Engineer: 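Next up is a structure, given as C-alpha cells.
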Amino acid sequence: MKKFEFEFSDKFYEYVEELPIDVKRRFRKVIELLSSEPKHPSLRIEKLEGTGGIYSVRVTKEYRMTFEFKEGGVIFLRVVGKHDVVYRRP
C-alpha cells in the first residue's frame, strides 16, 4: 500500500516540541498509521464543520491534531495540541 507524504505548517514543529513525552510517543504512532492507512477507524478522524476540508484526528483523550488531504497523496499537518486549543485554531 502507498504511503502518504507529509507537509507541515510553519509552526507544526513548535507544537510537537511542546507535547509531553507520553503524548509524543502516541503522536508518532498516529503519524505512522495516518501515513499508511489514513481512514483507519482507530484514528477517529472527524471533518471539522465550516473549515473547508480540515480534519481532526485523536492523538490521546486530551490531544488532537488537525490536517488536510492535498493532491498527490500529501497530508498537510496543521496543528497538534490540547483539544480545546486545537479546535480554536484548526
Side-chain angles (χ1 to χ4, degrees):
M1 177 181 262
K2 176 188 183 291
K3 284 204 171 219
F4 284 77
E5 295 181 22
F6 294 112
E7 292 180 355
F8 309 91
S9 68
D10 293 339
K11 291 191 152 212
F12 192 79
Y13 288 113
E14 291 175 35
Y15 299 136
V16 172
E17 286 300 314
E18 294 174 5
L19 297 175
I21 290 291
D22 59 322
V23 176
K24 283 182 185 177
R25 276 188 233 122
R26 178 68 186 136
F27 168 77
R28 284 188 209 105
K29 291 178 182 179
V30 167
I31 289 294
E32 289 173 16
L33 188 54
L34 188 62
S35 74
S36 61
E37 273 189 85
K39 305 277 183 177
H40 195 281
S42 71
L43 292 172
R44 299 181 182 180
I45 292 176
E46 299 176 351
K47 187 172 183 179
L48 300 180
E49 291 183 30
T51 62
I54 298 175
Y55 293 81
S56 169
V57 63
R58 182 177 179 162
V59 177
T60 68
K61 183 178 178 182
E62 190 176 1
Y63 285 80
R64 301 289 186 275
M65 177 177 67
T66 58
F67 66 93
E68 296 173 79
F69 291 107
K70 299 290 188 177
E71 290 183 20
V74 174
I75 297 174
F76 181 72
L77 303 178
R78 301 175 56 85
V79 179
V80 62
K82 286 194 174 184
H83 180 279
D84 294 341
V85 174
V86 167
Y87 287 161
R88 277 195 298 258
R89 53 182 165 96

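Values in this document were obtained by computation on a predicted structure and should not be read as measured data. What's counted below: heavy atoms across the whole structure, side chains too, no hydrogens, waters or symmetry copies.
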Engineer: Are side-chain heavy atoms of Leu77 and Glu7 found at a separation under 4.5 Å?
Structural biologist: no
Engineer: Evaluate the side-chain proximity of Lys82 to Glu62: yes if any heavy-atom separation is below 4.5 Å, no if none is.
Structural biologist: yes
Engineer: Please examine the side chains of Val80 and Phe27, heavy atoms only from C-beta on, and report whether any two atoms are closer than 4.5 Å.
Structural biologist: yes
Engineer: Hey, are the side chains of Ile45 and Leu34 touching, using non-hydrogen atoms and a 4.5 Å cut-off?
Structural biologist: yes
Engineer: What's the separation between atom CZ in Arg78 and atom NZ in Lys11, rounded to the nearest 0.5 Å?
Structural biologist: 13.5 Å
Engineer: Answer whether the closest heavy-atom distance between the side chains of Lys24 and Glu17 falls below 4.5 Å.
Structural biologist: yes
Engineer: Any Lys/Arg nitrogen of Glu68 or Lys70 sitting under 4.0 Å from an Asp/Glu carboxylate oxygen of the other?
Structural biologist: yes
Engineer: Kindly indicate whether the side chain of Leu19, heavy atoms from C-beta on, has any atom under 4.5 Å from the side chain of Tyr63.
Structural biologist: yes
Engineer: Rounded to the nearest 0.5 Å, how far apart are CD1 of Ile31 and CZ of Phe4?
Structural biologist: 13.0 Å
Engineer: Testing the basics here: between Leu43 and Val57, what is the closest heavy-atom pair and its distance to 0.1 Å?
Structural biologist: O-CG2, 3.1 Å
Engineer: Are the aromatic rings of Phe67 and Phe76 close, with centres under 6.0 Å apart?
Structural biologist: no
Engineer: Between Ser42 and Leu33, is there a side-chain heavy-atom distance shorter than 4.5 Å?
Structural biologist: yes
Engineer: Minimum heavy-atom separation for Arg89 and Val85, please, with both atom names.
Structural biologist: NH2-CG1, 2.9 Å
Engineer: Looking only at heavy atoms, what is the nearest atom pair of Pro90 and Thr66, with distance?
Structural biologist: O-OG1, 2.8 Å
Engineer: Distance check, rounded to the nearest 0.5 Å: Met65 atom CE versus Ile75 atom CD1?
Structural biologist: 8.0 Å
Engineer: Taking Arg64 for its side chain and Val86 for its backbone only, find out whether a donor-acceptor pair lies under 3.5 Å.
Structural biologist: no
Engineer: What is the distance from atom CZ of Arg28 to atom CZ of Arg26, rounded to the nearest 0.5 Å?
Structural biologist: 12.5 Å
Engineer: Look at the rings of Phe8 and Phe6 and say which category their plane angle falls in: under 30° parallel, 30 to 60° tilted, over 60° perpendicular.
Structural biologist: tilted
Engineer: Do Tyr87 and Ser56 pair up side chain to side chain, a donor and an acceptor below 3.5 Å, judged on atom types alone?
Structural biologist: yes
Engineer: In sequence, state the C-alpha distance, the side-chain angles, and the governing distance for Glu37 and Lys39, and then conclude on salt bridge (charged side-chain N to carboxylate O under 4.0 Å, His left out).
Structural biologist: CA-CA 5 Å; Glu37 273 189 85; Lys39 305 277 183 177; over 6 Å; no
